[in-house]
Trainee: 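My questions will all concern the structure given below.
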Amino acid sequence: MMENKKEDLARMIARNMAATEGYDEMPAAAAGGVTDFGEDAFDDYAFASAGTAARSSSGKRRSAGAGKSGSSGKSRSGGSSKSGSSAKSRSGSSTKSSSSGKKKSSSSSKSAGSKKSTTSTSKKSTSKKKKKKNRLSATKVAMLCTCIVLAGIVTAGGVYFAGRKNYEDSFLENTYISGVNVGGMDKQQAKNELKKKAVIPETVYITKKDGTGLNIKLSDIGYVDNTEEMLEKYYNEQDKGKWVNAMFEKEEFTIADDFHYDKKLLEKQLSHKLLKDQKAVAPKDAYIKRNDNGSFSVVSEVDGDTIDEKKIQLVYDYVEQELDKMNFDIAIGGVDCYKTAKLRSEELTEDCAKLNNLHNIQISFDFILDTEMIDGNTIMDWVNYDENAPVNALEVDRSKVEHYVEGLADKYDTFGKDRTFNSTSRGEITIPQGQGCYGWWLDQKGMTNFIIDAIENCESVDTDAIYYVNPDSTYSYTCNPDCLTPTKDFGDTYFDVDLAMQHMWYYEDGKMVMESDLVSGYPSESRNTPAGVYKLWLKERGKTLVGASDGQSYASYVEFWNYISTIGIGFHDASWQGGVFGGTKYQSATWGSHGCLNLPYDTAEYIYNNVPLDTPVFAYW
């Protein structure tokens with residue numbers, strides 16, 4: 001619109017100039033207010049010129065000639081004869097200006113005669129001067145207007161080209177790329193601004209379990225950022241000549257958020273940064289710590305943040321899922337990919353409570369004659385605790401427990417000790433333990449294990465002492481508890497066997513109630529009946545005794561088997577003796593036994609039916 005107005009103005013001024021210089025007519029009134037300039041605007045300049053008189057004289061001649069011809073339609077004098085009218089208004093047509101001049105001249109001639117003729121001539125001369133003056137003023141006005149317009153055009157053109165030059169290295173105003181205003185920015189500034197608000201950043205940030213993080217450049221996993229390329233394209237496409245329009249119109253471009261990457265490259269980056277270069281905290285099992293005051297407390301496990309290589313695929317899958325959602329700030333702390341402690345604190349809570357109860361527990365043993373008790377202070381002295389061994393960290397010093405049990409055995413064991421015995425045939429004698437099995441014999445290994453188990457379980461225990469049981473039989477090394485005294489382990493019920501006399505007596509509550517001859521073992525190394533203190537501990541009826549000695553095997557059936565040892569010796573009937581017992585019969589390889597004590601049928605039957613188990617048997621030579 002502005003350009004069109006400028007072009008119309010220039011054409012109008014050119015027409016006015018042509019009319020003034022090439023025709024006798026007055027120029028047409030200029031559009032847009034050119035004739036608003038006053039007539040006297042250039043008077044000083046017009047009449048200061050040395051050529052003013054000549055132009056005035058020439059005007060008179062043209063006026064005289066015009067009067068003779070009487071043609072007013074094309075006469076320039078007619079057009080300017082009424083100078084007063086011209087001074088008041090320039091918008092009047094040239095035709096109206098000639099008619100008025102004729103009437104004026106006629107009136108002057110009638111009223112004044114020859115005298116006034118001179119005056120009329122003078123006025124005509126003045127009128128011509130004013131007419132000439134009016135023609136100069138119009139030309140100057142046209143020229144001035146042209147100059148003004150040209151100056152405006154030149155100025156506008158200068159401003160236009162200056163503006164175009166100003167945007168040579170930047171985007172036009174009101175330029176938006178993907179919603180970001182980059183108007184007035186150069187390409188680098190626009191790139192930086194787009195990066196600030198970009199949907200796709202330059203890196204993906206991985207936050208680890210410990211809160212630290214690592215960056216992976218998207219370019220390292222195959223992503224190509226076309227922002228710079230598209231900026232260059234849009235910059236080159238923009239018409240910088242439209243910088244004025246850009247002040248009022250918004251121009252928008254879009255860079256598509258098209259994200260693609262190489263999963264293999266991503267997994268390679270994750271493996272390198274999370275596994276090979278990781279400076280992670282390894283998991284540590286929970287354990288029980290012994291405090292300075294002797295109490296115990298649980299130290300919690302530490303799972304750490306070491307990624308388990310066997311679970312790294314879970315990390316790959318999770319990160320890829322997040323990237324597919326266009327999420328570039330990814331936390332992997334919640335992914336089940338870390339190595340964890342094998343022993344948790346909750347698993348040790350009960351054990352810790354038990355340990356703290358060590359001070360309060362008691363372990364007591366009933367030894368019939370007395371009770372032995374282990375208190376908390378003794379137990380704490382036996383306990384060592386290794387904090388570096390989270391599992392089974394409580395250790396009981398076995399050597400200390402064994403030493404304690406040995407003391408108990410020395411105090412209470414009767415097995416293996418000599419005994420003073422008041423024999424029937426010889427009076428008071430001392431009988432060694434021999435190969436006999438009578439007596440109290442503490443199972444030291446069993447006692448030690450029992451105590452250690454009780455301590456490790458932190459349990460108070462009240463129980464009987466543990467005695468040894470022969471592993472080859474069911475024989476227990478215990479005796480009749482009613483007979484136990486501080487000085488001896490037998491009472492007034494017993495067997496008195498004099499092997500040299502080949503005779504035996506049975507006493508019950510101190511009274512002899514039965515006696516009998518017998519035949520003992522043939523006095524060879526394998527068939528001899530050894531001396532010692534034995535115990536009746538097993539009875540069987542209708543048993544076949546089998547064995548071998550002196551190179552001969554045997555199988556003998558007996559009706560009453562009364563077992564008194566752990567080496568195959570017992571009381572039993574022997575029908576093959578023919579009813580003859582005692583004397584020196586045992587010395588015969590034929591009649592001597594294989595180590596047992598052969599008795600008459602009735603005697604063997606009596607023992608089987610009447611003598612209680614645990615009755616001691618004192619046998620001596």
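As the structure is a prediction and not an experimental result, all values here were calculated from the model. For reference, positions follow the sequence shown, starting with 1.
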Trainee: Near H359 NE2, under 6.0 Å, is it more than 12 heavy atoms from other residues, nucleotides or ligands?
Mentor: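 Counting other residues, nucleotides and ligands, NE2 of H359 exceeds 12 neighbours.
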Trainee: Checking K539 side chain against Y608 main chain: does a donor-acceptor pair fall under 3.5 Å?
Mentor: yes
Trainee: Quick check on K311: does its NZ atom have over 12 non-hydrogen neighbours (other residues, nucleotides or ligands) under 6.0 Å away?
Mentor: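 Yes.
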Trainee: For the CG atom on D292, are there more than 12 heavy atoms of other groups (residues, nucleotides or ligands in this structure) within a distance under 6.0 Å?
Mentor: no
Trainee: I'd like to check the salt bridge (Lys or Arg N to Asp or Glu O under 4.0 Å) partners of E372; sequence neighbours left out, ordered by chain and number.
Mentor: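 K411.
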Trainee: In terms of heavy-atom contacts, does CD of E459 have more than 12 from other residues, nucleotides or ligands at under 6.0 Å?
Mentor: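 Count over threshold, so yes.
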Trainee: Check E267 with K263, please: is the shortest side-chain N to carboxylate O separation under 4.0 Å?
Mentor: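 A salt bridge is absent here (no side-chain N lies under 4.0 Å from a carboxylate O).
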Trainee: Is there a donor-acceptor contact under 3.5 Å linking the side chains of K217 and Q269?
Mentor: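 Result is no, nothing qualifies.
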Trainee: To the nearest 0.5 Å, how far apart are CD in Q362 and OG in S460?
Mentor: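 These two atoms lie 6.5 Å from each other.
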Trainee: How about I452 and T448: do any of their side-chain heavy atoms sit closer than 4.5 Å?
Mentor: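 They are in contact (side-chain heavy atoms under 4.5 Å apart), so the answer is yes.
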Trainee: Measure the spacing between CG of D366 and OG1 of T371 and express it to the nearest 0.5 Å.
Mentor: 5.0 Å
Trainee: Salt bridge or not between D614 and K535? Use side-chain N to carboxylate O under 4.0 Å.
Mentor: yes
Trainee: Can you confirm whether F421 sits close enough to D496 that some side-chain heavy atom of one is under 4.5 Å from a side-chain heavy atom of the other?
Mentor: yes
Trainee: Measure the spacing between CG of N377 and CE of M380 and express it to the nearest 0.5 Å.
Mentor: 9.0 Å
Trainee: Do you know which two heavy atoms are closest between I200 and L218, and how far apart they sit?
Mentor: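 Shortest heavy-atom separation between I200 and L218 comes out as CG2-CD1, 3.6 Å.
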Trainee: State, yes or no, whether a side-chain contact exists between T485 and F490 at a heavy-atom distance under 4.5 Å.
Mentor: no
Trainee: Is the F259 to F328 ring centre distance short of 6.0 Å?
Mentor: yes
Trainee: Charged N to carboxylate O under 4.0 angstrom, D303 versus R344?
Mentor: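 Salt bridge flag = yes for R344 with D303.
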Trainee: Run the numbers on I288 and V299 for side-chain contact (heavy atoms from CB on, under 4.5 Å), then give the verdict.
Mentor: CA-CA 6 Å; I288 298 175; V299 178; over 6 Å; no
Trainee: Would K209 and Y338 count as a cation-pi pair here, with the cationic atom under 6.0 angstrom from the ring centre and within 45° of the axis?
Mentor: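 So K209 does make the cation-pi contact.
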Trainee: Is it the case that the side chain of T615 and the backbone of Y494 share a donor-acceptor pair, with hydrogens and angles ignored and the cut-off at 3.5 Å?
Mentor: no
Trainee: Going by atom types alone, do H572 and N562 pair a side-chain donor with an acceptor below 3.5 Å?
Mentor: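 There is no such pair between these side chains.
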Trainee: Y475 vs W537 aromatic rings, parallel, tilted or perpendicular, using cut-offs 30° and 60°?
Mentor: perpendicular
Trainee: Answer yes or no: is there a donor N or O on one side and an acceptor on the other, between the side chain of T493 and the main chain of D509, under 3.5 Å?
Mentor: yes
Trainee: For P600 and D517, work out which heavy atoms get closest and say how close.
Mentor: CD-O, 3.7 Å
Trainee: Does the side chain of D317 come under 3.5 Å of the side chain of Q313 through a donor N or O and an acceptor N or O?
Mentor: yes
Trainee: Check the angle between the aromatic planes of Y506 and F495 and answer parallel, tilted or perpendicular using the 30° and 60° thresholds.
Mentor: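 Y506 vs F495 ring planes: tilted.
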Trainee: How far apart are the closest heavy atoms of D381 and K400, and which atoms are they?
Mentor: O-NZ, 3.0 Å
Trainee: Go through W382 and Y404 one step at a time and tell me if the ring pair (Phe, Tyr, Trp, His ring centres under 6.0 Å) criterion holds.
Mentor: CA-CA 10 Å; W382 293 348; Y404 172 78; 5.4 Å; yes
Trainee: If you measure from CG on L265 to CD1 on I221, what distance do you get to the nearest 0.5 Å?
Mentor: 8.0 Å
Trainee: Report yes or no: does S593 contribute a side-chain atom to a donor-acceptor pair with the main-chain N or O of L597 at less than 3.5 Å?
Mentor: no
Trainee: Side-chain contact, heavy-atom cut-off 4.5 Å: I307 with K339?
Mentor: no
Trainee: Looking only at non-hydrogen atoms, find the nearest pair between T420 and T430 and report the distance.
Mentor: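 Shortest heavy-atom separation between T420 and T430 comes out as OG1-OG1, 4.0 Å.
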Trainee: Verify side-chain contact (heavy atoms from CB on, under 4.5 Å) between D464 and I368, making sure each step is shown before the conclusion.
Mentor: CA-CA 8 Å; D464 293 334; I368 302 173; over 6 Å; no
Trainee: If I compare all heavy atoms of V497 with all of F571, which pair ends up nearest, and what's the gap?
Mentor: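 Nearest pair, atom of V497 first, then F571: CG2-CZ, 4.3 Å.
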Trainee: Hey, is the main chain of G436 close enough, under 3.5 Å, to the side chain of Q433 for a donor-acceptor pair?
Mentor: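 Yes; judged by distance alone, with no hydrogens or angles, the pair exists.
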Trainee: As an exercise, state the distance from CZ of F581 to CG of L518, rounded to the nearest 0.5 Å.
Mentor: 9.0 Å
Trainee: Less than 3.5 Å apart, any donor N or O on the side chain of D375 or T378 sitting next to an acceptor on the other?
Mentor: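 The answer is yes; a qualifying pair exists.
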Trainee: Could you check whether any side-chain heavy atom of Y316 comes within less than 4.5 Å of a side-chain heavy atom of S271, counting everything from C-beta outward?
Mentor: yes
Trainee: Using only atom types and a distance under 3.5 Å, with no angle test, would you say the side chain of T584 pairs donor to acceptor with the backbone of Q587?
Mentor: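 Absent.
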Trainee: If you take all heavy atoms of D573 and A604, which pair is closest and at what distance?
Mentor: N-CB, 3.5 Å
Trainee: Less than 4.0 Å between a side-chain N and a carboxylate O, is that true for D220 and K268?
Mentor: no
Trainee: Under a 4.5 Å cut-off applied to non-hydrogen side-chain atoms, are Y412 and L442 in contact?
Mentor: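 No, every pair of side-chain atoms sits at 4.5 Å or beyond.
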Trainee: Under the ring pair (Phe, Tyr, Trp, His ring centres under 6.0 Å) rule, what pairs show up with a residue in residues 423-457, not counting sequence neighbours?
Mentor: F365-F450, F415-W441, W440-Y467, W441-Y468, W441-Y477
Trainee: Checking L266 against Y261 for the side-chain contact (heavy atoms from CB on, under 4.5 Å) test, could you report, in this order, the C-alpha distance in whole Å, the side-chain angles of both residues, the deciding distance, and whether it holds?
Mentor: CA-CA 8 Å; L266 171 63; Y261 64 95; 3.8 Å; yes
Trainee: Could you tell me whether a side-chain N or O of N470 sits under 3.5 Å from a main-chain N or O of D472, the two making a donor and an acceptor?
Mentor: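 Checked: pair present.
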Trainee: Hydrogens and angles aside, do Q502 and S520 bring a side-chain donor and acceptor to less than 3.5 Å of each other?
Mentor: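 Yes, a side-chain donor-acceptor pair sits under 3.5 Å.
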Trainee: Checking S425 now: which residues fulfil side chain to side chain contact (heavy atoms under 4.5 Å, CB included) with it, not counting sequence neighbours?
Mentor: D498, M501, W505, Y620
Trainee: Using modelled atom types and a 3.5 Å cut-off, is there a donor and acceptor pairing between side-chain atoms of T529 and backbone atoms of G521?
Mentor: yes
Trainee: Please check: side-chain N/O of R426 versus main-chain N/O of T424, any donor-acceptor pairing under 3.5 Å?
Mentor: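 No, because the side chain of R426 does not come within donor-acceptor range (under 3.5 Å) of the backbone of T424.
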Trainee: To the nearest 0.5 Å, what is the distance between NZ (K310) and CG (L314)?
Mentor: 13.5 Å
Trainee: Do D453 and E456 have side chains that get closer than 4.5 Å, going by heavy atoms?
Mentor: yes
Trainee: Take a 6.0 Å sphere around CD of E202 and say whether it holds more than 12 heavy atoms from other residues, nucleotides or ligands.
Mentor: no
Trainee: Do the ring centers of Y223 and H260 come within less than 6.0 Å of each other?
Mentor: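 Centroid distance Y223-H260: not below 6.0 Å, so no.
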Trainee: Check whether any side-chain heavy atom of T207 lies under 4.5 Å from a side-chain heavy atom of I330, and answer yes or no.
Mentor: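 No, every pair of side-chain atoms sits at 4.5 Å or beyond.
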Trainee: Does E508 pair with K511 as a salt bridge, N-O distance under 4.0 Å?
Mentor: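 Salt bridge flag = no for K511 with E508.
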Trainee: Hey, does the side chain of N480 reach the backbone of D482 with a donor-acceptor pair shorter than 3.5 angstrom?
Mentor: yes
Trainee: Apply the side chain to side chain contact (heavy atoms under 4.5 Å, CB included) test between I374 and each candidate in I363, I361, I455; give the one that qualifies.
Mentor: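 So the option named by the test is I363.
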